[in-house]
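Let me begin by presenting the structure, written as structure tokens, before commenting on it.
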Amino acid sequence: MTEAPPQVNRPNIWERMKTSVSSGWEKFTGALGRGRDRVQDFAVEARAFVGAGVQGIRDRAEAVIGEVKGDFDGGVKQTLRNLGETVSVAGKSLWERVKTIGERVKDKVEGVKTRCQELGVGPGLVSKFRDGIDRVRQLPADISVLRAQKEDEKIAAMDKTAVALNPDNEEEYEVLRRFSRVYPQMNERCTQLQNRAQKLYQRVETARKAKHDLENERADARKVKKLADEASKAKYKAATTLSAA
Amino acid sequence: MRVDEAKKLIGDLSFATEVNEKANEILFGLADDYVLDDERIDKLTALIDLEIEMAQIEADACEQTSQAMGDFLKEVDTASEKAAVEIDQLTENVINQGKQKLQQTIGEETVVK
């Protein structure tokens, strides 16, 4: 049986997590739900099996039920610890990559600033541009809840993740709530970024084409001017020759 | 290129406000049929270059960040799937062990009787 949070004022996060996050997470929560159901069914079947037998048998059956529950909970905790560690490591790696992107962009922003000054373009553009880039860098900030800088924080974060599926504790419930929000938000933002990148690349292409057209026009104008100059020179030369003759 | 053609070209590019102001400044006071001289064309192409540079920087940042986030999500997804398989296996093992222990318990009790 799936242990949904019993509190009445809480949204049914257990159900939401099954439907709103990744297929992997969906499979995971599904497996957990199935596992808990089967452990519960085992307890019911075991009690029915020993029935109204002697007290000794019933006591032993209860001990076996307790062992099964204990083994299952222990195994779940270990699996969650491993999962928490993977998420933590992946989150840290993501954070580093975004930091590197930010550092690379920093120099380029300075280059744009210089170009704007040279061209006499208003300084507002640089700050707007910088804000735009900063927003990109801040997008994965939600993962800060899952990343940890220090080793002890990392272990604490993993422990929290490991027990996160016990909704009785407020703090643990909060971790679960955050975890359930991180994935769909990240997924959505990832798509937003891809769309923005596509739009910008399209803009680059349009601007390149416009520049090309402008330069072609100039080249054509130069050719026309050159031809006109040559014609004029030829006309002058002819006139001079005629006049000399 | 004539001024009216240049204005259309700039309009189609949807420059940032500040760049647009500068482009209008370059074309200010010129008749629509005036053919742009080299100096003005140079200034306009420099503005287009600036626009290209900014869009390229932001596009690359968006693309790279999006890729990094995608990799993170994929990794979490794969790890969750692996955890699901582990939980299914765990369930199978603990239930089978429980059944064996229960059978053993009943058996021992029967033997004692």
Side-chain angles (χ1 to χ4, degrees), chain A residues 22-25 27-28 31-32 35 38 42 46 56-57 60-61 64 68 71-72 75-76 79 83 86-87 90-91 94 97-98 101 105 108 112 115 119-122 124-125 129 132-133 136 139-140 183 186-187 189-190 193-194 196-197 200-201 203-204 206-208 210-211 214-215 217-218, chain B residues 1 6 9 12-14 16-19 21-22 35 38 41 43-66 68-73 75-81 83-88 90-91 94-95 97-99 101-102 105-106 109:
Chain A
S22 71
S23 63
W25 187 258
K27 284 176 189 166
F28 171 69
L32 203 52
R38 285 194 63 192
F42 172 78
I57 295 180
R60 286 193 189 195
V64 171
V68 167
D71 288 349
F72 181 77
V76 167
T79 303
L83 180 60
T86 306
V87 173
L94 167 61
R97 278 174 75 178
V98 174
I101 293 165
V105 167
K108 291 179 180 173
V112 168
R115 292 287 299 135
L119 295 170
V121 172
L125 181 67
F129 177 61
I133 296 288
V136 172
L139 278 174
Y183 198 97
M186 291 268 287
N187 216 2
R189 288 175 182 191
C190 192
L193 275 179
Q194 276 168 358
R196 174 87 180 134
L200 286 162
Y201 282 133
R203 200 167 173 170
V204 168
T206 311
R208 278 195 180 136
K211 187 185 167 189
L214 202 58
E215 282 173 342
E217 284 271 352
R218 175 163 59 182
Chain B
M1 180 174 272
L9 184 135
D12 289 347
L13 285 177
S14 315
T17 316
E18 290 81 356
V19 182
E21 278 171 13
K22 191 68 199 171
V35 176
D38 277 4
I41 289 180
K43 283 180 180 172
L44 287 177
T45 47
L47 287 178
I48 295 174
D49 277 340
L50 178 68
E51 194 70 20
I52 291 173
E53 197 182 346
M54 287 194 303
Q56 186 78 49
I57 293 168
E58 198 180 337
D60 289 347
C62 285
E63 177 86 351
Q64 287 162 10
T65 308
S66 163
M69 285 167 93
D71 288 347
F72 168 81
L73 292 171
E75 218 168 316
V76 173
D77 199 40
T78 308
S80 303
E81 270 200 56
V85 173
E86 280 174 21
I87 297 284
D88 276 337
L90 169 76
T91 307
V94 296
I95 298 291
Q97 282 169 11
K99 280 179 181 171
K101 281 178 189 170
L102 200 63
T105 299
I106 306 293
E109 203 62 37

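The sequence lines fix the lettering, A, B, ..., with proteins before strands; numbering per chain opens at 1. Bear in mind the structure is a predicted one, so any value in this text is a computation, not a measurement.
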To the nearest 0.5 Å, tell me how far [X] [atom1] sits from [Y] [atom2].
X        : Y        : atom1 : atom2 : value
A:Arg115 : B:Leu47  : CZ    : CG    : 9.0 Å
B:Glu51  : A:Arg203 : CD    : CZ    : 4.5 Å
B:Glu86  : A:Leu32  : CD    : CG    : 12.0 Å
A:Gln194 : B:Cys62  : CD    : SG    : 10.5 Å
B:Ile48  : A:Arg208 : CD1   : CZ    : 12.5 Å
B:Thr65  : A:Ile101 : OG1   : CD1   : 4.0 Å

Residue pair [X] / [Y]: nearest heavy atoms and the distance that separates them:
X        : Y       : answer
A:Phe72  : B:Thr91 : CE1-OG1, 3.4 Å
B:Ser80  : A:Phe28 : O-CB, 3.5 Å
A:Thr79  : B:Ala83 : CG2-CB, 3.6 Å
A:Val105 : B:Ala61 : CG2-CB, 4.1 Å
B:Lys99  : A:Phe42 : N-CE1, 3.7 Å
B:Asp88  : A:Ala31 : OD1-CB, 3.6 Å

Looking at B:Leu44, B:Ile41, B:Asp60, which has the largest count of heavy-atom pairs under 4.5 Å with chain A?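 Answer, by heavy-atom pair count under 4.5 Å with chain A: B:Ile41.
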Chain A contacts, top residue of B:Val85, B:Thr17, B:Thr78, B:Leu9 (heavy-atom pairs, under 4.5 Å):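 Top option by heavy-atom pairs under 4.5 Å: B:Leu9.
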Please step through side chain to side chain contact (heavy atoms under 4.5 Å, CB included) for the pair A:Thr206 and B:Asp12, ending with a clear verdict. CA-CA 9 Å; A:Thr206 311; B:Asp12 289 347; 5.9 Å; no
Toward chain A, the part of [X] with a non-hydrogen atom under 4.5 Å:
X        : result
B:Leu50  : side chain
B:Leu102 : both
B:Asp49  : side chain

Tell me every residue that passes salt bridge (charged side-chain N to carboxylate O under 4.0 Å, His left out) with B:Glu53, counting only those two or more places apart in sequence or in another chain.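 Result, salt bridge (charged side-chain N to carboxylate O under 4.0 Å, His left out) vs B:Glu53: none returned.
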Below 4.5 Å, heavy atoms only, C-beta onward: do A:Leu94 and B:Met69 meet side chain to side chain?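 A side-chain contact exists here, since the closest heavy-atom pair is under 4.5 Å.
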How about B:Gln56 and A:Lys108: do any of their side-chain heavy atoms sit closer than 4.5 Å?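 Side chain of B:Gln56 against side chain of A:Lys108, heavy atoms only: no contact under 4.5 Å found.
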What part of A:Val64 gets closer than 4.5 Å to chain B, counting heavy atoms only: side chain, backbone, both or neither?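 Contact with chain B: side chain only.
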Walk me through whether B:Lys22 and A:Leu119 qualify under side chain to side chain contact (heavy atoms under 4.5 Å, CB included). CA-CA 8 Å; B:Lys22 191 68 199 171; A:Leu119 295 170; 5.5 Å; no
Pair B:Asp71 + A:Arg97: basic N to acidic O under 4.0 Å: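 A salt bridge links B:Asp71 with A:Arg97.
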Give the intermediate values and the outcome of side chain to side chain contact (heavy atoms under 4.5 Å, CB included) for residues B:Lys101 and A:Arg60. CA-CA 9 Å; B:Lys101 281 178 189 170; A:Arg60 286 193 189 195; over 6 Å; no
